[in-house]
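In what follows, a structure is listed as structure tokens, so that the remarks can point back to it.
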Amino acid sequence: MASLSSPTLSSPLSCPTCHMFSYSSSSFSDNGNCKRCSLFVALEARLSDLETRYRTTEQSLAAIVSKSPVASAVPPKAVSASRPPVVPEQPGGWVTVRRRHSPKQKPTVHHQPLHVSNRFSPLSDTPAERPTLVIGSSIVRNVKLATPGTIVKCIPGARAGDIESNLKLLAKDKRKYNKIIIHVGGNDTRLRQSEVTKINVSSVCEYAKTMSDSVIFSGPLPNVTSDDMYSRMSSFHRWLSRWCPANDVGFIDNWTPFWGKPGLIRRDGIHPTLDGAALISRNMTKFISRSNP
């Protein structure tokens, strides 16, 4: 009698961002993320584009207001003196004498021209006050720098190619930055294509140089989710520590400060806790202060 064998299910697919798994490939996009995470990345890019358009419109309106002439006040006309009324003669030879009152001359008001200035002008992107841009994956979600004029842009699930695409969107509006700090590579390493990851990292750094005076790469955090990921991330860290100085790119070592320190990485073994994000922020701030002349 032939034995009945149960159908074998294929291995589930997992989203590297939200860790959702499914047996159906239709729930995932071509980049490996689930459709919800892919939609979130697209919305983030669209929101960034809208914010850039809003700033451009605001600056245009402010420029129009500052150039419009202010109508000066017209000084009041002097009141002409009227002739005193003729006093009729009274019977009996008596004449009533009335005291003449000279009309008061209104003082001439000298109006000073009103100077109008744009109170938002200190926020404009002048070459002397270019902001610092921190852009990266979900690792930089809670990163906050004390350096004034710093913009932190978090793109969950982003790879090196996604960071370069977002920089190109900012470049369309001729955005320039004093420094650009990039943190990416963890999602690329999961693809197990080390050479492709190196090429993409090199490409995004070279493109960032066209938008900034200085490009800095924030190194990866220790990944202990598995022996394979630890080995790949450790190799990626060592390669960055050599490649960045050789290609005029600053390098921030996050591996050493995080290694063996409990409470800095969440239970997923990937993302930093609030204390870990504060440590990343301090590492970036120290590097910026050292690089400033």
Side-chain angles (χ1 to χ4, degrees), residues 16-18 31 33 36-59 123-125 129-188 197 200-221 240 244 249-252 254 270-274 276-285 287-288 291:
T17 302
C18 65
N31 59 1
N33 294 333
R36 290 185 179 180
C37 293
S38 299
L39 179 60
F40 184 80
V41 172
L43 291 176
E44 282 278 346
R46 180 59 178 168
L47 178 60
S48 175
D49 188 25
L50 292 176
E51 289 177 349
T52 304
R53 292 185 182 181
Y54 173 77
R55 294 193 189 97
T56 304
T57 304
E58 187 181 50
Q59 293 175 1
L123 302 178
S124 60
D125 293 334
E129 298 180 357
R130 291 178 180 175
T132 296
L133 174 65
V134 178
I135 184 170
S137 61
S138 55
I139 301 297
V140 301
R141 185 188 303 276
N142 296 310
V143 168
K144 298 178 182 179
L145 269 65
T147 307
T150 301
I151 302 172
V152 179
K153 187 174 180 61
C154 171
I155 308 173
R159 298 170 185 162
D162 300 319
I163 300 298
E164 184 172 350
S165 298
N166 276 267
L167 290 178
K168 290 180 179 179
L169 288 177
L170 297 174
K172 288 183 179 180
D173 296 319
K174 299 181 180 180
R175 304 283 293 180
K176 295 291 184 179
Y177 300 93
N178 182 26
K179 292 179 176 61
I180 295 181
I181 302 178
I182 302 173
H183 189 106
V184 75
N187 295 312
D188 299 77
T197 299
N200 293 338
V201 168
S202 175
S203 177
V204 67
C205 289
E206 292 300 323
Y207 188 84
K209 290 180 181 179
T210 64
M211 302 174 59
S212 173
D213 301 329
S214 176
V215 177
I216 304 168
F217 202 97
S218 176
L221 309 182
L240 282 172
C244 289
V249 176
F251 176 70
I252 300 175
N254 292 313
I270 300 174
H271 298 90
T273 60
L274 292 179
L279 178 57
I280 296 176
S281 303
R282 291 194 298 270
N283 292 341
M284 292 181 178
T285 303
F287 192 93
I288 291 175
S291 60

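In this text the structure is predicted, and so the values were computed from the model without any measurement.
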Which is it for Glu58 and Arg55 under the salt bridge (charged side-chain N to carboxylate O under 4.0 Å, His left out) test, yes or no, and what are the steps along the way?
CA-CA 5 Å; Glu58 187 181 50; Arg55 294 193 189 97; over 6 Å; no
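The nearest pair of heavy atoms linking Asn187 to Gly157 is ND2-C, 3.3 Å. Contact detail for Ile252 and Asn283: the closest heavy-atom pair is CG2-CB, 3.8 Å. For the residue pair Ala146 and Thr285, the shortest heavy atom distance occurs at N-OG1, 4.2 Å. Taking each heavy atom of Ala158 and Val184 in turn, the nearest pair found is O-CG2, 3.7 Å. Shortest non-hydrogen contact noted between Cys154 and Glu44 is O-OE1, 3.7 Å. Nearest heavy atoms, Cys244 versus Phe251: CB-CB, 3.8 Å.
In this structure, the separation between CD1 on Ile280 and NE2 on His183 is 5.5 Å, given to the nearest 0.5 Å. Here the CG atom belonging to Asn200 is positioned 11.5 Å from the CD1 atom belonging to Ile163, to the nearest 0.5 angstrom. Atoms CD1 and NE2, on Ile139 and His271 in that order, are 5.0 Å from each other to the nearest 0.5 Å. Taking OG1 from Thr132 and OH from Tyr177, the interatomic distance works out to 10.5 Å, rounded to the nearest 0.5 Å. Put simply, CG on Leu167 and CE on Met211 are 5.0 Å apart, with the number rounded to the nearest 0.5 Å. To the nearest 0.5 angstrom, Arg175 atom CZ is 7.0 Å from Thr56 atom OG1.
Partner of Ile181 under the side chain to side chain contact (heavy atoms under 4.5 Å, CB included) criterion, chosen from Ile288, Thr150, Val143: Ile288.
Under the 4.0 Å criterion applied to side-chain N and carboxylate O atoms, Arg159 and Asp162 are not assigned as salt-bridge partners.
Counting non-hydrogen atoms of neighbouring residues, nucleotides and ligands closer than 6.0 angstrom, the NZ atom of Lys144 reaches no more than 12 such neighbours.
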